[in-house]
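All values below were derived from every heavy atom in this structure, side-chain atoms included, with hydrogens, water molecules and symmetry-related copies excluded. Whatever order the structure lists them in is the order used to number ligands and atoms, beginning at 1.
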Amino acid sequence: MSSVRIECVAKEGCRIAESPVWDEKEGALLYVDITGRKVCRWSPVTRQVQAIPVDAPVSSVALRKSGDYVITLGTRFAALKWKEELVTTITQVDKDKANTRFNDGKVDPAGRYFAGTMAEEIRPAVLERHQGSLYTLFPDLSVVRHFDQVDISNGLDWSLDHKTFFYIDSLSYSVDAFDYDLQTGKIGNRRSIYKLEKEESIPDGMSIDTEGKLWVACYDGGRVIRLDPETGKRLQTVKLPVDKTTSCCFGGNDYSEMYVTTATDGMDKEWLSRQPQAGGIFKITGLGVKGVPPYPFAG
Ligand SMILES: O=C(O)[C@H](O)[C@@H](O)[C@H](O)[C@H](O)CO
Ligand SMILES: [Zn+2]
């Protein structure tokens, strides 16, 4: 058994840090602060965070083949040029909705950007239900809506053979799987592979490891859990010193470190004083597993 170590590496205290992505070219961790409206990049060398402010809630960031990044910003897919600090809209979704925003997003193995929406929260996990949808931005910049009636569109990833798409609608308290057609980007045959237990609270972001097991961050559960999507069993629980764990990814040398984002929105003074590292970025080492490098958006 390896010994698991947890360290808070960026202590800036985000409102809702999310969408951790390892940028191998920069040797840095990208993430967003959704309600703090910034895209961040943390360097393990300088131990500093660079942040680019944006004009709306920014819910995910992804690498782009042509360099730089793509983000989901409000209800827009947008391009972000890092050095220039320049954001340009690619396209908008949910034009029929007044009060939604994008939430979690990730690029599939063929370079398509998947991201879903949700109603703006009144407070964490309290919002008008069934307002969200799941979308894909294709490399030709066209957009497809897969389905609607989503509460809080959240974690997503693909199986190692690319034949299954994993997806979380948080308020279903379930981790779901779909059949995936990598050729077309179409999904079908939805089923639940894991229902969260009460103390695990709300499923949020997720990431697959090289053994095909899923790591799910549990919002208000203060932990990441490792699931076997074949058996539907939980294999491991790693607890963190903060409750609002929002998402996780693998990064660092050989993708053997796990990075976990966390949030402070919804915590009162007393809660914050008990968990002073809330809103920080955590690095977990010694898990004994590695992750899959993130795919860049091909458009
Ligand atoms: O991190 C996210 O994905 C959401 O934007 C957050 O707001 C939480 O998930 C949500 O509050 C939990 O229900
Ligand atoms: Zn999330």
Return all side-chain donor-acceptor pairs below 3.5 angstrom for residues 44-58, not counting sequence neighbours, or 'none' if the list is empty.
from  : atom 1 : to    : atom 2 : distance (Å)
Thr46 : OG1    : Ser43 : OG     : 3.3
Thr46 : OG1    : Gln48 : N      : 3.2
Arg47 : NH2    : Glu7  : OE2    : 3.1
Asp55 : OD1    : Arg76 : NH2    : 3.3

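- Between Phe250 and Tyr255, the distance from one ring center to the other does not fall under 6.0 angstrom.
- Judged by distance alone, the side chains of Thr117 and Thr100 never bring a donor and an acceptor atom under 3.5 Å apart.
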Return a table of N or O atom pairs, ligand 1 on one side and protein on the other, at distances under 3.5 Å, rounded to 0.1 Å.
from     : atom 1 : to     : atom 2 : distance (Å)
ligand 1 : 1 (O)  : Glu18  : OE2    : 3.0
ligand 1 : 1 (O)  : Asp204 : OD2    : 3.2
ligand 1 : 3 (O)  : Glu18  : OE2    : 3.1
ligand 1 : 3 (O)  : Asn103 : OD1    : 3.3
ligand 1 : 3 (O)  : Asn103 : ND2    : 2.8
ligand 1 : 3 (O)  : Asn154 : OD1    : 2.9
ligand 1 : 3 (O)  : Asn154 : ND2    : 3.2
ligand 1 : 3 (O)  : Asp204 : OD1    : 3.1
ligand 1 : 5 (O)  : Arg101 : NH2    : 3.0
ligand 1 : 5 (O)  : Asn103 : OD1    : 2.8
ligand 1 : 7 (O)  : Glu121 : OE1    : 2.7
ligand 1 : 7 (O)  : Glu121 : OE2    : 3.3
ligand 1 : 9 (O)  : Asn154 : ND2    : 3.4
ligand 1 : 9 (O)  : Asp204 : OD2    : 2.8
ligand 1 : 11 (O) : Glu121 : OE1    : 3.4
ligand 1 : 11 (O) : Glu121 : OE2    : 2.6

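- For Ser153, the side chain to side chain contact (heavy atoms under 4.5 Å, CB included) partners two or more places apart in sequence, or in a different chain, are Leu134, Val150, Tyr167.
- Using a 4.0 Å cut-off between a side-chain N of Lys or Arg and a carboxylate O of Asp or Glu, Lys186 and Asp181 do not qualify as a salt bridge.
- A donor and an acceptor atom, one from each side chain of Arg112 and Thr136, are nowhere located under 3.5 Å apart.
- When hydrophobic residues (I, L, V, M, F, W, Y) are linked wherever their side-chain heavy atoms come within less than 4.5 Å, the members clustered with Trp271 are Met267, Leu272.
- Rounding to 10 degrees, one finds that the Zn ion (ligand 2) sits at the corner of an angle of 100° between Glu18 OE2 and Asp204 OD1.
- With a cut-off of 2.8 Å, the Zn ion (ligand 2) has an N, O or S atom of Asn154 in range.
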